[in-house]
Amino acid sequence: MRWLITGGCGFLGTSVIKELAKDKENSFRVLDNLTVGTRKDLAGAIDFDEIDHSIEIPSLHKGECQLIIGDIRDSFLTNTACKNIDAIIHFAANTGVPNSVEDPRLDMECNVIGTFNMLEAARLHNVKRFVFASSGAPAGEVEPPIHEELPPHPVSPYGASKLAGEGYCSSYHKTFGIDTIALRFGNVYGPGSKHKSSVVAKFISLAMTGKRVEIYGDGSQTRDFIYIDDLVDAVIKAGTIEGIGGETFQIATARETTLNELMDILKSALKKHQIELDIKYGEKRLGDVMRNFSDTSKARDLLQWQINSTLNNGIEQTINYFKKL
Ligand SMILES: NC(=O)c1ccc[n+]([C@@H]2O[C@H](COP(=O)([O-])OP(=O)(O)OC[C@H]3O[C@@H](n4cnc5c(N)ncnc54)[C@H](O)[C@@H]3O)[C@@H](O)[C@H]2O)c1
């Protein structure tokens with residue numbers, strides 16, 4: 001298959017490309033503005049050619065990867081990038097709640113207009129499959145477990161922008177027949193996450209540099225932490241299984257973990273490397289929900305997908321990765 005991966009230089013993008021590239025029948029075009037991911041990050045996943053998009057883009061051959069440096073807010077470029085593509089995995093976004101609280105307009109432009117541009121380009125170029133990276137954030141402050149049928153009540157601008165993306169995906173399936181699939185990821189962690197400010201990555205890198213970590217609130221808030229390998233497996237299934245167009249799936253572990261529980265696991269895993277975890281408790285952050293975990297039975301039934309990793313093992317793998325950087 002010829003894949004277009006937006007945000008393909010980022011944490012999830014490089015991880016998915018690395019796995020898909022094991023099949024030499026696959027080829028890739030990556031569209032990324034390099035605000036977060038880098039050429040070096042992509043090179044860690046696959047050899048690639050950088051493409052000048054001001055001229056005609058060459059067709060993709062089996063096993064190849066092309067990198068187009070550019071922005072999903074540029075509708076001319078998104079149209080160019082979608083030529084001769086079989087499936088799109090749309091990862092590029094303004095990621096996370098704090099960024100969206102700081103600059104809600106930028107968040108809306110990247111996540112709403114950017115996603116719309118990608119869907120429009122998919123329609124114009126007859127791309128059959130579109131996998132959208134959503135999050136638990138559209139559901140917002142609801143009684144967990146979060147499942148696909150709960151009415152969404154986003155708390156943050158990020159949740160609202162991802163919800164808009166889900167809405168456009170649903171409509172582009174129903175109106176134009178594109179097989180759109182929205183995946184609502186839990187809190188993803190694992191190797192490849194060095195630049196992330198999500199809790200596992202941030203706390204490991206702070207602890208390794210001898211810095212104190214801060215928990216916003218009393219640590220009783222819960223999250224659903226999913227290891228990168230399990231997530232990659234779900235994304236690839238969503239990109240290939242037939243008969244799931246128009247669907248939304250919760251992709252998480254179905255386990256609720258308090259931040260204090262996570263700290264205990266991190267503490268003992270870091271201790272094995274003679275690293276101390278020094279924790280401070282601060283103010284609760286705007287836009288953060290108190291409880292978050294998912295019911296993943298729909299993904300189990302329709303994607304034939306299941307979790308294979310444990311939090312203890314995943315944390316150990318993540319620490320090993322950070323130690324090698
Ligand atoms: N990592 C998580 O825990 C998590 C959880 C839920 C949802 N998601 C979603 O999954 C997707 C990928 O997340 P990630 O962790 O890999 O993030 P990331 O920041 O590592 O990667 C995103 C990539 O997109 C690129 N990008 C950002 N804005 C762009 C734009 N306007 N045009 C082109 N490229 C742009 C960045 O340069 C980066 O390489 C995002 O949509 C995110 O919202 C991630």
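The residues of the chain are indexed from 1 along the displayed sequence. Ligands are counted one by one from 1 in listed order, and the atoms in each one are counted from 1 as well.
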Study note, to complete from the structure: With sequence neighbours left out, the residues meeting salt bridge (charged side-chain N to carboxylate O under 4.0 Å, His left out) with D32 are none
Exercise for review: Anything under 30° is parallel, anything over 60° is perpendicular, the rest tilted; go ahead and classify Y168 against F116.
Suggested key: perpendicular
Practice item. Kindly assign one of parallel, tilted or perpendicular to the pair H90 and F132, based on the angle between their ring planes and the thresholds 30° and 60°. Key: parallel
Is there any protein N/O under 3.5 Å from an N/O of ligand 1, and what does the full list of such pairs look like?
residue: ligand 1; atom: 3 (O); partner: V188; partner atom: N; Å: 2.9
residue: ligand 1; atom: 15 (O); partner: K196; partner atom: NZ; Å: 2.7
residue: ligand 1; atom: 16 (O); partner: F11; partner atom: N; Å: 3.3
residue: ligand 1; atom: 16 (O); partner: L12; partner atom: N; Å: 2.8
residue: ligand 1; atom: 17 (O); partner: K196; partner atom: NZ; Å: 3.0
residue: ligand 1; atom: 20 (O); partner: F11; partner atom: N; Å: 2.9
residue: ligand 1; atom: 20 (O); partner: H195; partner atom: NE2; Å: 2.6
residue: ligand 1; atom: 26 (N); partner: N33; partner atom: OD1; Å: 3.3
residue: ligand 1; atom: 31 (N); partner: D71; partner atom: OD1; Å: 3.0
residue: ligand 1; atom: 31 (N); partner: D71; partner atom: OD2; Å: 3.4
residue: ligand 1; atom: 32 (N); partner: I72; partner atom: N; Å: 3.1
residue: ligand 1; atom: 34 (N); partner: N33; partner atom: N; Å: 3.1
residue: ligand 1; atom: 34 (N); partner: N33; partner atom: OD1; Å: 3.3
residue: ligand 1; atom: 37 (O); partner: D32; partner atom: OD1; Å: 2.6
residue: ligand 1; atom: 37 (O); partner: N33; partner atom: OD1; Å: 3.4
residue: ligand 1; atom: 37 (O); partner: T35; partner atom: N; Å: 3.2
residue: ligand 1; atom: 37 (O); partner: T35; partner atom: OG1; Å: 3.3
residue: ligand 1; atom: 37 (O); partner: V36; partner atom: N; Å: 3.0
residue: ligand 1; atom: 37 (O); partner: G37; partner atom: N; Å: 3.4
residue: ligand 1; atom: 39 (O); partner: G10; partner atom: N; Å: 3.3
residue: ligand 1; atom: 39 (O); partner: D32; partner atom: OD1; Å: 3.3
residue: ligand 1; atom: 39 (O); partner: D32; partner atom: OD2; Å: 2.7
residue: ligand 1; atom: 39 (O); partner: G37; partner atom: N; Å: 3.0
residue: ligand 1; atom: 41 (O); partner: F91; partner atom: O; Å: 2.8
residue: ligand 1; atom: 41 (O); partner: K162; partner atom: NZ; Å: 2.8
residue: ligand 1; atom: 43 (O); partner: Y158; partner atom: OH; Å: 2.7
residue: ligand 1; atom: 43 (O); partner: K162; partner atom: NZ; Å: 3.1

Check your understanding: Is the side chain of N99 donor-acceptor paired with the backbone N or O of T95 at a distance under 3.5 Å, no angle test?
Key -> yes
**Study point:** Neighbour count >12 (heavy atoms, 6.0 Å) for atom NZ, K284
**Key:** yes
Check your understanding: Does the side chain of R184 pick up a donor-acceptor pair with the side chain of Q250 at under 3.5 Å?
Key -> yes
